[in-house]
Amino acid sequence: MSDYVESYRENGFVSGLPVFTGSEVAALRQQIETLEAQHAAGAGGHGLTQFFRVNGHVVIPLLAELSRTPAILDVVEGILGPDLLVWSVELFIKEANSPHTVSWHQDITYWGMGETDDEVTAWVALSDVSVKAGCMRFIPGSHKSGIAEHEDTFAEDNLLSRGQSIAGIDESMARHGPLEPGQMSLHHGRCFHASGANGSDDRRIGLAIRYVTPAVRDHAPGCDWAMPVRGEVPAGGWSCIAGPRGLFHPADLALYERILVGQAATLAAGADQTVDLYAMGGAT
Ligand SMILES: O=C(O)CCC(=O)C(=O)O
């Protein structure tokens with residue numbers, strides 16, 4: 001077994017895996033920032049920030065293409081096996097010297113996937129993601145238990161949609177996962193993780209790609225959508241999508257709406273306040 005696979009299985013996360021060279025990552029950042037400069041208004045009634053926050057791969061070709069990067073898929077295949085789909089592509093951007101944080105949480109709590117081991121996030125640094133810039137922190141081994149109770153805080157500076165938070169974390173157990181531009185971390189859907197404010201003078205830009213397998217849907221209720229990116233296309237379970245026909249293509253925008261409605265119902269289940277899946281600063 002590779003070292004990174006062993007470390008992931010033991011700790012629920014692994015950090016510092018190289019994916020892009022310095023010049024590649026600089027070019028990618030430039031492409032993201034060009035989109036921000038030229039398409040901030042977004043399309044179909046949603047601003048660009050909202051597409052960056054969830055399911056960007058449905059309408060933005062660059063994000064779909066990034067989720068198919070062979071160097072990322074090779075690593076993810078070591079964890080999840082040969083048949084891979086992308087459930088969501090998101091950007092976690094904290095502006096320079098901004099107060100935004102992410103509270104302690106487990107990703108799959110509200111994703112309608114049960115307590116699956118078949119989901120992993122590949123989080124790629126498109127800028128310097130140092131401790132000062134608010135890199136992620138993880139609690140080693142926390143993925144080995146089930147889903148913990150989360151309290152909805154709806155806190156203003158929290159990037160999560162419900163400000164959901166696990167109480168009583170022993171922070172002395174936490175490990176930082178700083179990343180140089182072009183490096184990636186992987187975290188398990190049940191691994192407790194959080195991140196602090198960006199106290200650096202540069203933006204902190206992270207690309208989060210949520211990979212799943214066909215098996216996730218074996219015991220999951222309702223319907224859900226994913227984009228096959230490697231191996232066998234599942235015969236059932238997932239509603240498979242092909243990826244965008246062009247930037248903000250009308251047919252993809254319509255699909256985006258259908259997915260939004262279906263997934264928002266799952267995300268909001270049990271919340272006692274309206275959950276805006278696409279709120280500015282509201283990630284899943
Ligand atoms: O970007 C961050 O600081 C947190 C990201 C996160 O919670 C996630 O990718 O699941």
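Order of appearance sets the numbers: ligands from 1, and atoms from 1 within every ligand.
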Participant: With a cut-off of 4.0 Å, which atoms of ligand 1 are near a heavy atom of M136?
Facilitator: 2 (C), 3 (O), 4 (C), 5 (C)

Participant: Using 30° and 60° as the class limits, which term best fits the ring planes of Y256 and F51: parallel, tilted or perpendicular?
Facilitator: perpendicular

Participant: Under 4.0 Å from any heavy atom of D107, which atoms of ligand 1 are there?
Facilitator: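 So the atoms of ligand 1 that pass are 10 (O).
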
Participant: Would you mind listing which atoms of ligand 1 come within a distance below 4.0 Å of any non-hydrogen atom of H193?
Facilitator: 6 (C), 7 (O), 8 (C), 10 (O)

Participant: Looking at CG of D218 and CE of M113, how far apart are the two atoms once the value is rounded to the nearest 0.5 Å?
Facilitator: 13.0 Å

Participant: To check your reading of the model: name the closest protein heavy atom to atom 1 (O) of ligand 1, its residue, and the distance in Å.
Facilitator: R204 NH2, 2.7 Å

Participant: Answer side chain, backbone, both or neither: which part of H100 comes under 4.0 Å from ligand 1, heavy atoms only.
Facilitator: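 Neither part.
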
Participant: Considering the heavy atoms of H187, write down every atom of ligand 1 situated less than 4.0 Å from one of them.
Facilitator: 8 (C), 9 (O), 10 (O)

Participant: Check for me whether E90 has a heavy atom closer than 4.0 Å to any atom of ligand 1.
Facilitator: no

Participant: Which is it for R210 and ligand 1 at heavy atoms under 4.0 Å: side chain, backbone, both or neither?
Facilitator: side chain

Participant: Do the charged groups of E90 and R53 touch, with an N to O distance under 4.0 Å?
Facilitator: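 No, E90 and R53 are not salt-bridged.
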
Participant: With heavy atoms of S195 as the reference, note each atom of ligand 1 found under 4.0 Å away.
Facilitator: 2 (C), 3 (O)

Participant: In terms of residue, atom name and distance, what is the protein heavy atom nearest to atom 5 (C) of ligand 1?
Facilitator: W123 NE1, 3.5 Å

Participant: Which is it for E10 and K144 under the salt bridge (charged side-chain N to carboxylate O under 4.0 Å, His left out) test, yes or no, and what are the steps along the way?
Facilitator: CA-CA 9 Å; E10 183 54 28; K144 290 182 179 168; 3.2 Å; yes

Participant: Quick check: are there more than 12 heavy atoms from other residues, nucleotides or ligands sitting under 6.0 Å from NE2 of H176?
Facilitator: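 Counting neighbours around NE2 of H176, more than 12 heavy atoms of other residues, nucleotides or ligands fall under 6.0 Å, so yes.
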
Participant: Please determine if R217 forms a cation-pi arrangement with W238, meaning its NZ or CZ atom is less than 6.0 Å from the six-membered ring centre and no more than 45° off the ring axis.
Facilitator: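 So R217 does make the cation-pi contact.
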
Participant: Does this structure show an ion pair linking R230 with D74, if we count only N-O contacts that are shorter than 4.0 Å?
Facilitator: yes

